[in-house]
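Input: a single structure, listed below in structure tokens.
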Protein chains: 2
Amino acid sequence: MEGTPTSRAERRRRTEERILSAARAIFAERGFQRTTIRAVAAAAEVDPALVMQYFGSKQELFEQAVRIPSIPPLDGELEPVEELLGRIGMKMGPLPQATLAMMRSMLTHPDAAEEVRGKLDGQVAQLADAIGSGDAELRAALMVSTMLGVTIAHQLLGLTALRGASPERIAETLRPSLRALADG
Amino acid sequence: MEGTPTSRAERRRRTEERILSAARAIFAERGFQRTTIRAVAAAAEVDPALVMQYFGSKQELFEQAVRIPSIPPLDGELEPVEELLGRIGMKMGPLPQATLAMMRSMLTHPDAAEEVRGKLDGQVAQLADAIGSGDAELRAALMVSTMLGVTIAHQLLGLTALRGASPERIAETLRPSLRALADG
DNA sequence: GTCTATAGTGTGATAGAC
DNA sequence: GTCTATCACACTATAGAC
């Protein structure tokens with residue numbers, strides 16, 4: 001029966017991906033504590049026990065769901081700050097659900113907090129390298145914090161003044177502010 | 001026995017305040033879902049049932065604990081943007097625990113989200129009035145979002161680059177960035 | 001391999017002893 | 001009035017039937 005179009009392994013893989021996709025959506029919407037295995041299973045249309053069977057624990061499911069390819073570190077020449085900002089996440093467009101899930105939980109789930117802090121610290125270091133002057137690290141941290149704040153306000157909290165604004169307009173309006181931090 | 005230095009009513013008032021203080025601290029540290037009535041009671045050195053007796057529900061306890069005097073709205077003349085920023089929260093110093101408790105829960109507790117969104121919307125409106133030009137509302141929203149992000153990164157997430165920085169230095173370094181947004 | 005049934009834990013809330 | 005004891009519930013996780 002291994003020659004059938006959908007082998008056992010293939011079916012398993014698809015079910016697993018369906019569970020992960022459902023998990024990402026619900027984790028992103030409710031955060032770690034308030035999402036239940038039951039809800040994830042229901043959304044993925046599988047039995048709750050199957051989720052446990054595949055992932056072992058809620059924590060493990062969360063880790064798998066929010067695992068995203070991280071930004072490759074800079075190699076060789078330093079890029080201009082603008083480009084770095086874009087690459088780091090200044091797109092301001094809709095973020096991947098894995099990222100939203102992580103951010104949603106970062107204030108109440110210690111592991112998520114640790115993960116996000118590490119990621120942001122890394123971005124600060126990259127930016128600080130590109131800036132290079134005296135208090136570059138502080139200014140880089142404030143740039144990253146700014147983007148964090150705008151993302152939270154826009155994507156997670158839904159400030160009314162930002163709800164209608166397009167990502168491009170937000171990025172455009174924000175640019176002089178970030179430039180002021182980068183230039184010192 | 002009503003003439004004793006500590007009347008029944010007075011004792012009750014003090015116990016209630018001790019519970020609220022403990023609740024603020026734990027809500028600020030762990031967020032709404034992860035704080036238990038039992039933990040609050042233990043910290044306040046009272047029986048868990050007493051907390052329920054006084055406040056009726058965990059939700060009610062939370063609401064009482066995070067209730068803080070809100071910023072009085074502007075009356076009459078518009079203030080300079082700088083002053084408004086200071087009054088709105090740009091002190092960057094340690095925030096009251098009630099505020100931290102609210103912020104800690106704002107991404108995972110719908111009521112907290114609603115409350116924070118309302119408060120921030122109000123600040124945006126005040127700032128937008130003070131700015132006054134075409135896209136004032138968007139720029140005001142980005143200023144508020146910036147302060148939100150820096151506060152989160154500094155007080156709740158603990159970015160390493162910000163951990164050592166004094167509130168004054170952070171405020172000073174951030175000023176040109178906010179000015180760029182205010183001036184357009 | 002998948003799911004039903006349930007064990008085990010921690011929670012908010014309540015009733016009644018003192 | 002305060003607290004001990006307990007309830008009812010929801011959850012994660014496991015074990016065993018199919």
Side-chain angles (χ1 to χ4, degrees), chain A residues 1-20 22-23 26-27 29-66 101 104-105 108-112, chain B residues 1-20 22-24 26-27 29-66 101 105 108-112:
Chain A
M1 298 299 176
E2 291 299 328
T4 45
T6 55
S7 67
R8 245 183 336 241
E10 175 64 10
R11 273 181 52 92
R12 148 100 194 208
R13 206 193 57 77
R14 291 195 187 177
T15 302
E16 198 170 299
E17 185 47 55
R18 209 168 66 243
I19 293 172
L20 281 176
I26 302 184
F27 277 131
E29 188 184 331
R30 309 193 184 178
F32 181 82
Q33 335 271 345
R34 289 184 61 227
T35 92
T36 64
I37 299 277
R38 285 161 158 75
V40 171
E45 295 179 315
V46 298
D47 192 274
L50 194 66
V51 177
M52 294 299 300
Q53 176 76 5
Y54 282 2
F55 298 95
S57 73
K58 180 183 176 180
Q59 174 64 27
E60 188 66 28
L61 172 64
F62 180 74
E63 289 172 15
Q64 297 272 350
V66 301
R104 177 73 74 186
S105 296
T108 46
H109 189 48
D111 289 1
Chain B
M1 299 299 177
E2 291 298 327
T4 46
T6 54
S7 67
R8 243 181 340 237
E10 175 65 9
R11 273 180 51 91
R12 148 102 195 205
R13 207 194 57 78
R14 292 196 186 176
T15 302
E16 198 169 299
E17 186 46 55
R18 210 168 66 244
I19 294 173
L20 281 176
R24 271 188 282 270
I26 303 184
F27 278 130
E29 188 185 330
R30 309 193 184 178
F32 181 81
Q33 335 270 345
R34 289 184 61 225
T35 92
T36 64
I37 299 278
R38 284 163 161 80
V40 171
E45 294 178 315
V46 299
D47 192 273
L50 193 65
V51 177
M52 293 301 300
Q53 176 76 4
Y54 281 2
F55 297 94
S57 72
K58 180 182 177 182
Q59 174 63 27
E60 188 66 29
L61 172 64
F62 180 75
E63 289 173 14
Q64 298 271 352
V66 301
S105 296
T108 46
H109 189 47
D111 290 2

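In what follows, every chain begins at residue 1, and chains take the letters A, B, ... in the order their sequences are listed.
Residue B/Arg12 contributes atom CZ, which lies 8 Å from atom P of D/dT2 at whole-angstrom precision. Going from atom CD of A/Glu16 over to atom P of C/dG1 covers 14 Å, rounded to whole Å. Atom C1' of nucleotide C/dT11 and atom CD of A/Gln33 are separated by 13 Å, given to the nearest angstrom. Distance B/Arg11 CZ to D/dT2 C1': 10 Å, rounded to the nearest Å.
Scanning both residues, B/Ala22 and B/Val40, for their nearest heavy atoms gives CB-O, 3.9 Å.
With sequence neighbours excluded, no residue forms a side chain to side chain donor-acceptor pair (under 3.5 Å) with B/Arg13. Remark: A/Asp47 engages no residue in a side chain to side chain donor-acceptor pair (under 3.5 Å) (not counting sequence neighbours). Not counting sequence neighbours, A/Glu29 has no partner by the side chain to side chain donor-acceptor pair (under 3.5 Å) test. Under the side chain to side chain donor-acceptor pair (under 3.5 Å) criterion, A/Glu17 pairs with A/Arg24, not counting sequence neighbours.
B/Gln33 is not listed as a side-chain neighbour of A/Thr108, based on a closest heavy-atom distance of 4.5 Å or more. Side chains of A/Arg18 and A/Val46 form a contact here, defined as non-hydrogen atoms less than 4.5 Å apart.
Listed by residue number, B/Asp47, B/Ala49, B/Leu50, B/Tyr54 are the residues of residues 35-60 of chain B with a heavy-atom contact under 4.0 Å to DNA chain D.
At least one test fails for B/Arg34 against the ring of A/Phe32: distance under 6.0 Å to the centre or angle within 45° of the axis.
Between the axis at the start and the axis at the end of the helix from C/dG1-D/dC18 to C/dC18-D/dG1 there is an angle of 10°, using five pairs per end and rounding to 10 degrees.
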